[in-house]
Structure formats: structure tokens, C-alpha cells
There are 2 protein chains.
Amino acid sequence: MSLPHAILTALLEKPSSGLELTRRFDRSIGYFWSATHQQIYRELGRLEADGLIRTLPAEQPARGQKKSYEVLPAGRAELARWTAASQDPKPLRDVLLLRLRAAAVVGTAGLDSDLRRHLDLHRRQLAEYEAIERRDFPPDRDSPEDRLRHLVLRAGIDLETFWTQWLTHALKEFAELSAAEG
Amino acid sequence: MSLPHAILTALLEKPSSGLELTRRFDRSIGYFWSATHQQIYRELGRLEADGLIRTLPAEQPARGQKKSYEVLPAGRAELARWTAASQDPKPLRDVLLLRLRAAAVVGTAGLDSDLRRHLDLHRRQLAEYEAIERRDFPPDRDSPEDRLRHLVLRAGIDLETFWTQWLTHALKEFAELSAAEG
DNA sequence: ACGTGTTTTGCAACTAGTTGCATAAACTCT
DNA sequence: AGAGTTTATGCAACTAGTTGCAAAACACGT
């Protein structure tokens, strides 16, 4: 149950319409909590029904017509409560690792091209994060908010770094294994 | 759609009953693809209906009575197909990072005790993985299967290492932030 | 004013995972 | 033999995320 809180966070940073939120979920917030526009609209409806957000008064609501939302005090309170509440980390769930484990049983045929593709994707993502870091977090800016956001970005950078290194290592192992077979 | 393939892998490693599978999902396989016993039983039923596995002939099936499964050739073929098929990596989805981002807006009050708790959990998991590595992967053993399985375990170790380091860093930031406030 | 494409919103159906509970057999203790 | 516990299997309802599709408004050229 995190999507509503992701939306509340995004709306507190800046009141937005569904489409604007969707765009922002494709960049910043979506880097660690992705959501489709369908999810977002559905959730906006629920949040409004629950009295946590409201449409900005300026516009009349109609289908196909831009409608912006802002967070109500109850929404901010709920987000603060959720943020502070203890939550267990979710166990890792990764298809690629599963495929490797399966490959130990049924063979590695055809796997390494996809490994290479993943390596490429992770390298791109890493480059994107690093560009954001250079752009948004120059050494001088360090308000508390900036430091927290930088910390989150840092996690993204380190995770992508891990994947690129691990995939590089995996590909090397693959090369050695197939060389050994002949 | 990875649970059936996780089960096929586990059953190829060793034919098992639902409960035995559940136990193994709590250890090895479950470290990167967790599943409850309910999920497993449901999926075993589907796999059998699809002709990918069958109950070992020895035992007659009855509720509350042990029933072991083995993989049929069609199941092995399906697993090989799935392993080789290209799949996109899933975008990261992490509640803790989201909470940190929210904290940048609503404040960090109450968060750091949970950060400490997570750090502890990740340290334990790391220690567990390292113990498995010492036990199951001594330097001499390196059949192709062992090397692949070791690679997977290595990913687990490196990920847990990342989290412990990142959380340690995050806690330091928190300390500095609250010191700055007074 | 009219068709065509784009923006913005949204519903409905589907898939996968989670939670709660049930039922039967087997074992254990008296 | 009977009561209570553990083992093993499983159904049903719920929750969250995904996929497919479409309607209403708007924008633009003709």
C-alpha cells in the first residue's frame, strides 16, 4: 500500500493533474516507485474520496478536462504517519537470478545475450542517474531536503553500479564455462 | 509469471512434495523468489493440469497425505525455453526509498529507528549468506552448476552489502541533520 | 464547420501475490 | 481409546499491479 503515499509525496512537492503526475512518475519518483497513468487516476479518485486530497477549486471537473489536485491537512498527516511507521523490508524477488539458477539445471544456452542486454540497460540507467546527480546536486547545495533526496539518488546509483559489476562478472564466468566445454 | 518456473527448477533439483518445496522456498530458492505454501500448492495443481509435472506414482493422492511431484519432459522444455527467453528487468520498487523521499517533505521524525532496524536485518541476512558461501562453496568445488549457483549467491551477498553500507551512510546523514537543527 | 490527431481522463478485465481459514491424516501422550 | 498437536494439503476472498481499450475535450489545418 505505497502508491497513495507516493502520490501524496509528489503532490506535496507540487500540486498536479493526473497527467502531470504520470510524467513525474516516469522520471524522479518513478525511479523507485513506478506507476501507470491508470493506477494514478484510480488512486487519485480514492484519495479524494477519502478526503486526503482535493481538486484545485479553479477548474470544474469534466472528463477529458484537466483537473489538478492538492494535498489536504489530513493527507499530510497520513503521509507523516506512514513515513514514521515501521515496515519490514520486502524479500528480494528477481527474475534474472531465478533464470540463472534454472540455467544451472537446464543449461545456459541463449542466456548470455540477454545478460549483455541487461548490462547495457543498467549502464544507461546509471549514466542517467549520474547526470541527474551532476545537474541537481552540485556540492554547494545541501539543504536538509536536498541531502535526503541526494541520499535516495545515491541508492539508485549504487544499485545500478552493483548490477553492472555483477553482470560483467557473470558474463566473464559464462565465457569461461563455454570455453571449458570446448 | 515466474513462480511456476521457480517450482520447476526446484523440482528438477529434487522431486518433492508441496511441503518440502515450501521449506526449500524458505531457504535457498526463496532468497530471491519467495512464495507461501498456498501459492505453491495452487501452482503445483496448475503445473500438473498443464502436463508439466506429475505426482510420483508410488503414492495415492488424498488430502492431508504426502504427495510428491517430478518434472516431465514438457516441463523441462518449458523451463529451458523460459530461461533463454529475453525478459526486461523490472524497475526498482522500494518502500524505504519512498519513505525517505516523503521524509524530505514531511520530516524525518521517527524514521531513524526503523532505519537502524533495517540495518540490523540486512546485516543478519548478509551473515547468513556468507555462512552459506563458506559451507557450500569452498574454493575447490567448481563444477559449472556450482559456479552458476555461486554467482547467484554472490549477487545476494553484494546486495546485502550495499544495503548495510547505504543504511550506515543514511544514519550518519540523519545524525548530522538533527545535530544541525539542534 | 469539419475531419483528424493529440491530450487528458478513466473504466473494466485480468494476473499475481497475500491473508485467513479449513480439512484430513499422522503422531504423541495419557 | 480419546484428546491434543503437528504435518500436509488446499480453498476462497482480498489486494495490488498490469493490460487493453475508449470517451471527452482540445488543437490545428482546410
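Letters A, B, ... are given to chains in the order of the sequence lines, protein chains preceding strands, and every chain is numbered from 1. This structure is a prediction, so every number in the text was calculated from the model and none was measured.
Remark: E20(B) does not engage R23(B) in a salt bridge, criterion side-chain N to carboxylate O under 4.0 Å. Under a 4.0 Å N-O distance rule, the pair E48(A)/R54(A) does not qualify as a salt bridge. Salt-bridge annotation for D158(A) and R154(A): present, with a side-chain N of the basic residue lying under 4.0 Å from a carboxylate O of the acidic one. A salt bridge links E43(A) to R46(A): at least one charged side-chain nitrogen sits closer than 4.0 Å to a carboxylate oxygen. Ion pairing between a basic and an acidic side chain is recognised when a charged N comes within 4.0 Å of a carboxylate O; D88(A) and R117(B) show such pairing. In this structure, E160(A) does not pair ionically with R123(A), as no charged nitrogen and carboxylate oxygen lie closer than 4.0 Å.
For the pair K90(B) and dG17(D), the criterion of a side-chain N or O lying under 4.0 Å from OP1 or OP2 is not met. Using a 4.0 Å cut-off, some side-chain N or O of Q39(B) falls inside it from OP1 or OP2 of dT18(C). In this structure, R93(A) reaches the dG17(C) phosphate: one of its side-chain N or O atoms is under 4.0 Å from OP1 or OP2.
Residue contacts for T22(B): at a heavy-atom cut-off of 4.0 Å it reaches no nucleic acid atom on any strand shown. Across all strands shown, R46(B) has no heavy atoms under 4.0 Å from either base or sugar-phosphate atoms.
If you check distances only, the side chain of R23(B) never reaches the base of dT7(D) with a donor-acceptor pair under 3.5 Å. Counting atom types as modelled, Q38(A) pairs no side-chain N or O with a base atom of dG17(D) as donor and acceptor under 3.5 Å.
Distance I40(A) CD1 to dT7(C) P: 17 Å, rounded to the nearest Å. Look at NE2 on H37(A): it is 11 Å from C1' on dT7(C), rounded to the nearest Å.
In this structure, the nucleotide among dT7(C), dG10(C), dG10(D) sitting nearest to the side chain of Y41(A) is dG10(C).
Residue whose closest nucleotide on DNA chain D sits further toward the 5' end, between L3(A) and R42(B): R42(B).
Residues from residues 5-12 of chain A lying near DNA chain D, meaning a heavy-atom separation below 4.0 Å, are absent.
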